[in-house]
Trainee: 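First the structure, then my questions, so here it is.
All heavy atoms count here, side chains included; hydrogens, waters and symmetry mates do not.
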Amino acid sequence: MAFDFQRLQAALGMSVKLTLTCGVFQGVLHHINPSCDLLLLHTGKEEEEKVEYTVIDCFQEKFGPAVLHLKQQDVISVVGEGVNLCPHGKLSWLQIATKSHVFLFDIFLLGPQAFRNGLQAVLEDKNILKVMHDCRWISDCLFHQYSVLLDNVFDTQVADVLQFSVATGGFFPHRTCTLQECLMQHLRIPSKWKTLMKCKQQMALENPDTWFLRPLPASLLQVLALKAMCLLLLHSSLMDNFMADLTAVVHAYLNTSQNRSEDHLGSMEDRNTMIWRKARRGAFAVTPARKHELIPNCTELPKELRQLADIQKLRREKAVKEYRINEDGLLIRPVVELNDRNPQKDETL
């Protein structure tokens, strides 16, 4: 499609809407050169917007309050989008979500100053838990390009593998899962969100530089916000899974103590009193070894905890039937399609 350079130059500073084969772009025409390369500044008013988010592409008005809000959080999610996120890759977007809001930081426009003006302090804060998925690549990029040293990270990819091991009685999978796969496995994702995720995957495969389009189409901004928001939900789901066995054993503890009769407790107390009386009469000496006879041994592994071994054995037997095992003894984990049902929740006994 050919553009009229002089006509577009006359529209500088005006709000324009361009319809191309790759999407609809709307914003303020900020820059144009003779080869008709355009730069539109996002206005944040697209009617197609479904997910609540704030695009931050300049330092006036929104940037400071956003950083202040982030510094007040205990848990945030962090996602990076760009091309080849590594020491020599290009970071275009940094999505950060809290329980109440999603911020999309346009690193392509903000540049390194975004980190010096507050994002670095947030990402390095030991008191803020950063939920991420496979933090290796973005950590590499942030450290080598922006001198940001991430701290206090909960990695959902690592957590997913550990959860798989618990659910299969100690086996490990032969591969890790992508963020999209983890969301499908652990969360009930609405169908419209699945469609957005699938759209994003396809566009990124067709054009790796998609995330450097400005302004980014509203549908892709929604995907950026959605990933950050879902990452927080994934963290909560994984934590619930990790706590399941602990909660079950504590419940068994409570049942044991609450169902124990007072007569039984009383007989234990009478037995201890009788032994002490015999000791005072010189019938025998209460040695350190014999002190253990006076009260139940509180450090001995209770039967409620020993039952976890039986549960793990059942899980392992079930896993061997449901999965193939490779030559390294790892379970062959199938690829999870975006339209698959949630199989892993059914694995846990």
Trainee: Could you pull out the closest heavy-atom pair between T168 and A319, with the gap in Å?
Mentor: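 The answer is CB-CB, 3.6 Å.
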Trainee: Assess the residue pair R333 and C177 against the criterion (side chain to side chain contact (heavy atoms under 4.5 Å, CB included)); give the C-alpha distance rounded to whole Å, side-chain angles, the decisive distance to 0.1 Å, and a yes or no.
Mentor: CA-CA 9 Å; R333 191 179 203 177; C177 279; 3.4 Å; yes
Trainee: With no hydrogens and no angle check, just 3.5 Å: does a side-chain donor-acceptor pair link H186 and D160?
Mentor: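 Yes, a side-chain donor-acceptor pair sits under 3.5 Å.
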Trainee: Taking a hydrophobic cluster as the set of Ile, Leu, Val, Met, Phe, Trp and Tyr residues connected by side-chain heavy atoms closer than 4.5 Å, whether directly or through intermediates, do L129 and V122 fall within one such cluster?
Mentor: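 Different hydrophobic clusters.
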Trainee: Looking only at heavy atoms, what is the nearest atom pair of I76 and I96, with distance?
Mentor: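 For I76 versus I96, the nearest heavy atoms are CD1-CG2, 3.8 Å.
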Trainee: Just verifying a value: how many Å separate F212 CZ and T210 OG1, rounded to the nearest 0.5 Å?
Mentor: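 That separation rounds to 10.0 Å.
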Trainee: Taking the side chain as everything from C-beta on, heavy atoms only, tell me whether V158 gets closer than 4.5 Å to V161.
Mentor: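 They are not in side-chain contact.
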Trainee: Would the number of heavy atoms belonging to other residues, nucleotides or ligands and lying under 6.0 Å from CG of N117 be above 12?
Mentor: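 Yes, because the 6.0 Å sphere around CG of N117 holds more than 12 heavy atoms from other groups.
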Trainee: Is the NZ or CZ atom of R316 both under 6.0 Å from the centre of the six-membered ring of F171 and within 45° of that ring's axis?
Mentor: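 Checked: cation-pi criterion met.
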Trainee: Do L85 and V223 share a hydrophobic cluster (ILVMFWY, side-chain heavy atoms under 4.5 Å, transitive)?
Mentor: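 They do not share one cluster, since no chain of ILVMFWY contacts under 4.5 Å joins L85 to V223.
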Trainee: If you measure from CD1 on I325 to CG on L331, what distance do you get to the nearest 0.5 Å?
Mentor: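 These two atoms lie 5.5 Å from each other.
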Trainee: Within the supplied structure, the quantity of interest is the number of heavy atoms (other residues, nucleotides, ligands) at a distance under 6.0 Å from E61 CD; does it exceed 12?
Mentor: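 Count not over threshold, so no.
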Trainee: Quick check for you: to the nearest 0.5 Å, what is the distance between K126 atom NZ and D151 atom CG?
Mentor: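 It is 4.5 Å, given to the nearest 0.5 Å.
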Trainee: Do F103 and L224 belong to the same hydrophobic cluster, where Ile, Leu, Val, Met, Phe, Trp and Tyr are linked whenever their side-chain heavy atoms lie under 4.5 Å apart, directly or via other members?
Mentor: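 No; L224 is not reachable from F103 via cluster members.
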Trainee: Taking atom CZ of F108 and atom OG of S92, what is their separation to the nearest 0.5 Å?
Mentor: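 Separation between the atoms: 6.5 Å.
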Trainee: Judged by modelled atom types alone, do H69 and T98 share a side-chain donor-acceptor pair under 3.5 Å?
Mentor: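 A donor-acceptor contact under 3.5 Å links the two side chains.
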Trainee: Can you list every salt bridge (charged side-chain N to carboxylate O under 4.0 Å, His left out) pair that touches residues 78-98, not counting sequence neighbours?
Mentor: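 Every salt bridge (charged side-chain N to carboxylate O under 4.0 Å, His left out) pair that includes a residue of residues 78-98, provided the two are not neighbours, is E81-K200, E81-K227.
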Trainee: Looking at every non-hydrogen atom in both residues, tell me the closest pair between A97 and L232 and how far apart they are.
Mentor: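 Between these two residues, the closest heavy atoms are O-CD1, 3.7 Å.
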Trainee: For residues L183 and C230, determine if any side-chain heavy atom of one lies less than 4.5 Å from a side-chain heavy atom of the other.
Mentor: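 The answer is yes; the side chains approach within 4.5 Å.
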Trainee: Do we see a donor-acceptor contact under 3.5 Å between the side chains of Q312 and R315?
Mentor: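 A pair is found: one side chain offers a donor N or O, the other an acceptor, under 3.5 Å apart.
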Trainee: Examine distances only and state if a side-chain atom of K130 and a backbone atom of L123 form a donor-acceptor pair shorter than 3.5 Å.
Mentor: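 Yes.
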Trainee: Please evaluate residues K71 and D125 with respect to the criterion side chain to side chain contact (heavy atoms under 4.5 Å, CB included), reporting the C-alpha separation (whole Å), side-chain torsions for both, the decisive distance (0.1 Å), and the verdict.
Mentor: CA-CA 8 Å; K71 288 182 176 180; D125 194 322; 5.7 Å; no
Trainee: So does D106 pair up with R214, basic N to acidic O under 4.0 Å?
Mentor: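 Yes, charged N to carboxylate O under 4.0 Å.
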Trainee: Applying ring pair (Phe, Tyr, Trp, His ring centres under 6.0 Å) between F105 and each of W93, F59, Y53, F63, report the one that passes.
Mentor: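 With F105 as partner, W93, F59, Y53, F63 yield a single ring pair (Phe, Tyr, Trp, His ring centres under 6.0 Å), made by F63.
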Trainee: Do E181 and R175 have side chains that get closer than 4.5 Å, going by heavy atoms?
Mentor: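 Touching, per the 4.5 Å side-chain cut-off.
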Trainee: CG/D134 to CG/D155 distance, rounded to the nearest 0.5 angstrom?
Mentor: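 One finds 6.0 Å between CG of D134 and CG of D155.
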Trainee: Is the backbone of L149 close enough, under 3.5 Å, to the side chain of E124 for a donor and an acceptor to pair up by distance?
Mentor: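 Such a contact is found between E124 side chain and L149 backbone.
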Trainee: Does Q95 use its side chain to pair, donor to acceptor, with the backbone of M229 at less than 3.5 Å?
Mentor: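 Absent.
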Trainee: State yes or no: do V79 and L150 share one hydrophobic cluster built from I, L, V, M, F, W and Y residues joined by side-chain heavy-atom distances below 4.5 Å, directly or via other members?
Mentor: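 Different hydrophobic clusters.
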Trainee: In the structure I gave you, are the side-chain heavy atoms of L179 and L231 within less than 4.5 Å of one another anywhere?
Mentor: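 Counting from C-beta outward, L179 and L231 do come under 4.5 Å.
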Trainee: Can any side-chain N or O of N326 pair as donor or acceptor with the backbone N or O of D328 at less than 3.5 Å?
Mentor: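 Flag set: sc N326 to bb D328 pair under 3.5 Å.
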Trainee: Hey, what do you get for CE (M243) to CG (L238), rounding to the nearest 0.5 Å?
Mentor: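 Answer for the CE-CG pair, M243 versus L238, is 13.5 Å.
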Trainee: Heavy atoms, side chains only, cut-off 4.5 Å: are Y146 and L119 in contact?
Mentor: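 Counting from C-beta outward, Y146 and L119 never come under 4.5 Å.
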Trainee: Do I138 and L94 have side-chain heavy atoms sitting under 4.5 Å apart?
Mentor: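 In contact.
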Trainee: Would L221 end up clustered with W211 when hydrophobic side chains under 4.5 Å apart are linked, directly or stepwise?
Mentor: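 Hydrophobic grouping puts L221 with W211.
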Trainee: Could you tell me whether the side chain of F154 reaches within less than 4.5 Å of the side chain of L234, counting heavy atoms only?
Mentor: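 With C-beta onward as the side chain, the pair stays apart.
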Trainee: Which atom names give the shortest non-hydrogen contact between E304 and V249, and what distance separates them?
Mentor: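 What the structure gives for the nearest pair is O-CG2, 4.2 Å.
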Trainee: Between V83 and D209, does the side chain to side chain contact (heavy atoms under 4.5 Å, CB included) criterion hold? Intermediate values first, please.
Mentor: CA-CA 7 Å; V83 177; D209 292 323; 3.7 Å; yes
Trainee: Heavy atoms only: give me the nearest L110-C58 pair and the separation to one decimal.
Mentor: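 Closest heavy-atom pair between L110 and C58: CD2-N, 3.4 Å.
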Trainee: List the atom of S237, the atom of L187, and the distance in Å for their closest heavy-atom pair.
Mentor: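 Shortest heavy-atom separation between S237 and L187 comes out as CB-CD2, 3.8 Å.
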Trainee: Side chains of L308 and D245, heavy atoms from C-beta outward: is any pair under 4.5 Å?
Mentor: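 Counting from C-beta outward, L308 and D245 do come under 4.5 Å.
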Trainee: Kindly check if the number of other-residue, nucleotide or ligand heavy atoms within 6.0 Å of CZ (F143) is above 12?
Mentor: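 Counting other residues, nucleotides and ligands, CZ of F143 stays at 12 neighbours or fewer.
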